[in-house]
Amino acid sequence: MNAPDPNDWNAKTIAEFRANEGRVGGQFEGAPLVLLHHRGRKSGREFVSPMMYLPDDSDPDRIFVFASKAGAPTNPEWYLNLIAAGTATIERGTETYTVVTEEITGDERDGIYVEQAARYPGFAGYAEKTAGVRVIPVVALTRA
């Protein structure tokens, strides 16, 4: 049996997100989800990546996303594109807006990641898989 095509999975998730005002079912039911629009730093193509986020409790215009890639040994392409561009567009709920990107590091990053892993234990598993290989990046997306 073939593995599911991640592009097909993304397309279905994106369609469900847009049809239901930012909500989806399945493994993401009830989880905060955002659609991240980013441009390929090499290809120049636009991509849309659905991902979970953690809201910043002190700033409603700031959220955090996690370059976990399900615990793979390399960072996801979207993360590399975001860092190269410095800005992106997101769809959050029924809104679409531009964000400024900032990589969060050190103790601040660790605290944010621990909170995400406490809320969604899959993220703790991703961190276990990447231990000694890479630190999963955390990126703040702030409304421009």
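The analysis underlying the following values was restricted to heavy atoms, covering all of them including side chains, and did not include hydrogens, waters or symmetry mates.
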Could you walk me through whether I90 and T96 satisfy the side chain to side chain contact (heavy atoms under 4.5 Å, CB included) test, starting with their C-alpha distance in whole Å, then the side-chain angles of each, then the deciding distance to 0.1 Å, before giving a yes or no?
CA-CA 6 Å; I90 63 171; T96 300; over 6 Å; no

Nearest heavy-atom contact between A117 and A124 is CB-N, 3.7 Å

Please assess N75 against R134 for the test side chain to side chain contact (heavy atoms under 4.5 Å, CB included), listing each intermediate value before the final yes or no.
CA-CA 8 Å; N75 288 322; R134 70 178 178 104; 2.5 Å; yes

When rounded to the nearest 0.5 Å, the distance separating CZ of R18 from CG of L35 is 6.0 Å

Looking only at heavy atoms, the pair that brings T101 and L82 closest together is OG1-O, 3.5 Å

In this structure, would L80 and L36 fall into the same cluster of hydrophobic residues linked by side-chain contacts under 4.5 Å? yes

field: Cluster check Y126, W9: I/L/V/M/F/W/Y, side chain < 4.5 angstrom
entry: yes

### Task
For the pair F47 and H38, name the ring-plane relationship: parallel under 30°, tilted 30 to 60°, perpendicular over 60°.
parallel

Report task. Kindly work out whether a path of hydrophobic side-chain contacts (I/L/V/M/F/W/Y, heavy atoms less than 4.5 Å apart) joins I104 to I83. Result -> no

The reported gap from CG in N81 to CZ in R45 (rounded to nearest 0.5 angstrom) is 10.5 Å

All heavy atoms of A31 vs all of M52, minimum pair found to be CB-CE, 3.7 Å

Give a yes or no answer on whether the side chain of R109 reaches the backbone of I136 with a donor-acceptor pair at less than 3.5 Å.
-> yes

Here the salt bridge (charged side-chain N to carboxylate O under 4.0 Å, His left out) pairs for residues 48-58, sequence neighbours left out, are D56-R62, D57-R119

*asked:* Can you confirm whether or not the ring centre of F66 sits under 6.0 Å from the ring centre of W78?
replied: no

Residues P50 and T13: closest non-hydrogen pair is CB-CG2, 3.8 Å

Distance col, row Y113:OH vs F123:CZ, nearest 0.5 angstrom, shows 6.0 Å

Rounded to the nearest 0.5 angstrom, the CZ-CZ distance for F17 and R23 is 10.0 Å

| task | For side chain to side chain contact (heavy atoms under 4.5 Å, CB included), just list the numbers for V34 and M51, CA-CA rounded to whole Å, side-chain angles, deciding distance to a tenth of an Å, and then say yes or no. | result | CA-CA 6 Å; V34 65; M51 62 190 66; 3.9 Å; yes

When rounded to the nearest 0.5 Å, the distance separating OH of Y120 from CD of Q27 is 12.5 Å

Stepwise side chain to side chain contact (heavy atoms under 4.5 Å, CB included) test for V24 and E29: CA-CA 6 Å; V24 298; E29 183 150 9; over 6 Å; no

**Prompt:** Taking C-beta and beyond as the side chain, do R92 and Y97 meet within less than 4.5 Å on heavy atoms?
**Reply:** yes

Between the OG1 atom in T105 and the CD1 atom in I112, the distance rounded to the nearest 0.5 Å is 10.0 Å

>> Let's go through Y79 and E103 carefully: what are the C-alpha distance in whole Å and the side-chain angles of both, what is the deciding distance for side chain to side chain donor-acceptor pair (under 3.5 Å) to 0.1 Å, and is it a yes or a no?
In response: CA-CA 10 Å; Y79 161 76; E103 185 162 6; 2.8 Å; yes

Problem set entry | Greater than 12 external heavy atoms within 6.0 Å of N20's CG | yes

Review point. So does R143 pair up with E95, basic N to acidic O under 4.0 Å?
Key: yes

